[in-house]
Amino acid sequence: MTEKTCRDCPRACGALRTGEEGAGFCKMGLLPVVARAALHHWEEPCISGTRGSGTVFFSGCALGCVFCQNDSITQGGFGKRIPVSRLKEIYRELAQAGAHNINLVGPTHFTDAVLESLRDPLPIPVVYNCGGYEKVETLRRLEGKVQVYLPDLKYMNSALAVRCAHAADYPEAAQAAIREMVRQTGSVRFDSEGMLQSGVLIRHLILPGETENALDVIDWVRETFPPGTVWLSLMGQYLPCGRAKEMPGLDRPLREEEYRRVEEYLLVSGFEDGYLQELSSAAGAYIPDFHLQGVEIAE
C-alpha cells in the first residue's frame, strides 16, 4: 500500500497518508517509525517477568495527552522509519534475546504495517499496548493476531478528556474498545510462571486532582466484567511532563492523600485482580531513553 485516506482511529481525520510522508493528527506516514526496540523490565510483573518484555516503541500518537511521559516520540516524532521487513526482524531478535512477549507500544496509527508484520504467527504472545483510544472496526482487523491487550482507560468524563487530549469522545471510545478486546481474547490466562498469555490488562494512571476519575475507572471495570475476566493496573507514577508542566493542577506530582484515597477505595471495592503501583514509582525511572536502541541493523 502506497497511500490511504486514514480513518483507523476515532479521530477519523481522513488524512491522505503515504508510505513516507506524514499527515493527519498523528503526523505519520504508513511505514512504521520506531524509536526503541529492547527488553523492558518495568511493565507489570505478568508482562515483564524475569527476562523482560520485547518492547517496540512506535513514534507518533493518535491521542496526544498533554502529560505524556514519552512525548519526545509520541508528539516530538523522534524515531526511524523502517520497512515492515525490518519490523519482523526486530520481533525475531527480541524473541531470541529471551523476551517473554512482543510488546507493541502505541501501534494504533500503524495498523496496516502491524498486520503485515504479524502475517506469520510469532512463538511468543503479542501485546497490543495502547492508550485505549481505539476504533472497534480497527481492532477487529487485529483479531487472532494479538493475544494480550494492554489498554489505558484514562478518562471517564468528556471534560477531562478534552482538557488533556482534545478528545471528547474518549470515554465512549475507550469503553467500547475494551469490550471488543475482551470479546476477542476472553478471560485472562496465565502460564505456570505467572506470565499473561492472553486476555486484557487495563491500566489507569492516577492524575493529580482527579481521584474521582480513578474511582470511576474502578467502578466501571468492576461493574462491567465478572471477577477473573480482566486485570486492572492502577499506576501512581504520574510526573508532569510535556505541556502539563505549565498547566495548573497537572503541573505537580500526585499527593499522598490522593493516592491513599484511591488505594482505600480499591480495597473496599473488593477488586483483587491486578496491581496497585506504589507512589514512590513517580521518580522518572519508568521513562525509557529513546536513542534508536535495537531499531537499526547492528553493524
Side-chain angles (χ1 to χ4, degrees), residues 10 43-48 63 65 67 125 127-136 139 146-161 163-165 167-191 194-238 254-279 281-282 286:
E43 305 284 33
E44 285 78 2
C46 66
I47 301 293
S48 285
L63 187 55
C65 298
F67 52 80
V127 179
Y128 194 87
N129 185 338
C130 66
Y133 196 50
E134 309 290 324
K135 282 182 71 172
V136 169
L139 290 172
V146 171
Q147 288 73 50
V148 175
Y149 282 102
L150 188 59
D152 291 328
L153 182 52
K154 296 175 182 287
Y155 319 114
M156 291 298 287
N157 68 80
S158 293
L160 182 60
R163 184 185 183 212
C164 293
D169 62 337
Y170 179 93
E172 295 77 19
Q175 290 169 36
I178 291 172
R179 287 191 179 98
E180 170 61 19
M181 294 171 185
V182 174
R183 184 198 68 78
Q184 289 186 21
T185 66
S187 298
V188 290
R189 182 176 63 83
F190 301 86
D191 67 10
M195 300 302 300
L196 186 56
Q197 299 298 293
S198 63
V200 179
L201 172 56
I202 302 167
R203 285 173 164 172
H204 176 70
L205 177 65
I206 306 169
L207 300 176
E210 299 293 344
T211 53
E212 290 297 331
N213 183 56
L215 305 190
D216 288 343
V217 166
I218 295 171
D219 285 343
W220 184 81
V221 173
R222 180 172 51 84
E223 294 167 3
T224 303
F225 303 108
T229 304
V230 302
W231 274 38
L232 175 64
S233 178
L234 289 174
M235 300 184 293
Q237 69 185 56
Y238 180 87
L254 196 64
R255 293 179 179 140
E256 177 78 18
E257 59 268 25
E258 293 171 326
Y259 173 84
R260 293 305 171 198
R261 185 183 179 206
V262 176
E263 178 185 44
E264 292 171 5
Y265 190 85
L266 179 67
L267 296 175
V268 170
S269 75
F271 194 95
E272 299 179 348
D273 299 327
Y275 303 100
L276 180 61
Q277 186 184 49
E278 288 298 327
L279 188 59
S281 301
Y286 294 89

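Quick note: residue numbers are just sequence positions, from 1.
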- Query: Between the side chain of Q277 and the main-chain N/O of S233, is any donor-acceptor distance below 3.5 Å?
  - Reply: no

- Heavy atoms, side chains only, cut-off 4.5 Å: are L196 and P125 in contact? no

- Task: Starting at CD1 of I178, measure out to CG of L139 and round the result to the nearest 0.5 Å.
- Result: 10.0 Å

- For E256, check side chain to side chain contact (heavy atoms under 4.5 Å, CB included) against everything at least two apart and list the hits. R260, L279

- Message: Are Y238 and L207 packed together at the side-chain level, in the sense that at least one heavy-atom pair is separated by less than 4.5 angstrom?
- Response: yes

- Task: Please tell me if the side chains of F67 and L205 come closer than 4.5 Å, counting only heavy atoms from C-beta onward.
- Result: yes

- Task: For S187, check side chain to side chain contact (heavy atoms under 4.5 Å, CB included) against everything at least two apart and list the hits.
- Result: T229

- Describe, in one word, how the ring planes of F190 and W231 are oriented to each other, choosing from parallel (under 30°), tilted (30 to 60°) and perpendicular (over 60°). tilted

- Note on the structure: Here the pair of heavy atoms bringing S269 nearest to R222 is O-CD, 3.5 Å

- Step by step, would you call L234 with Y259 a side chain to side chain contact (heavy atoms under 4.5 Å, CB included)? CA-CA 10 Å; L234 289 174; Y259 173 84; over 6 Å; no

- Task: For the residue pair E134 and M181, establish whether any side-chain heavy-atom pair is separated by less than 4.5 Å.
- Result: yes

- Query: Closest heavy-atom contact between G132 and Y170?
  - Reply: CA-OH, 4.0 Å

- Message: Checking S48 now: which residues fulfil side chain to side chain donor-acceptor pair (under 3.5 Å) with it, not counting sequence neighbours?
- Response: none

- Residues passing the ring-ring contact (aromatic ring centres under 6.0 Å, His included) test with Y265, sequence neighbours excluded, are none

- Query: For the side chain to side chain contact (heavy atoms under 4.5 Å, CB included) test, which of L153, N157, V262 pairs with N213?
  - Reply: N157

- Message: Going by salt bridge (charged side-chain N to carboxylate O under 4.0 Å, His left out), name the pairs with one or both residues in residues 147-157, residues two or more places apart or in two chains.
- Response: D152-K154

- Task: May I have the step-by-step check of side chain to side chain contact (heavy atoms under 4.5 Å, CB included) for R183 and R179, ending in yes or no?
- Result: CA-CA 6 Å; R183 184 198 68 78; R179 287 191 179 98; over 6 Å; no

- Item | Atom CD of E272: over 12 foreign heavy atoms under 6.0 Å | no

- Item | Within-4.5 Å side-chain heavy-atom neighbours: V182 and V230 | yes

- Item | Taking every non-hydrogen atom, the tightest pair across A161 and A167 | CB-O, 3.1 Å

- Considering non-hydrogen atoms only, spot the tightest contact between P10 and D169 and give its length. CB-OD2, 3.9 Å

- Show your reasoning for whether side chain to side chain contact (heavy atoms under 4.5 Å, CB included) applies to Y133 and C65. CA-CA 11 Å; Y133 196 50; C65 298; over 6 Å; no

- Query: According to the salt bridge (charged side-chain N to carboxylate O under 4.0 Å, His left out) rule, which pairs have a member within residues 203-213, sequence neighbours left out?
  - Reply: E43-R203, E44-R203, E212-R261

- Note on the structure: Looking only at heavy atoms, the pair that brings Q147 and Q197 closest together is CB-O, 3.4 Å

- Item | CD1 on I206 to CD on Q237, rounded to 0.5 Å | 10.5 Å

- What distance separates L201 CG from L232 CG, expressed to the nearest 0.5 Å? 8.0 Å

- Message: Quick check for you: to the nearest 0.5 Å, what is the distance between D216 atom CG and H204 atom NE2?
- Response: 9.0 Å

- Note on the structure: For M156 and W220 the tightest heavy-atom approach is CE-CB, 3.5 Å

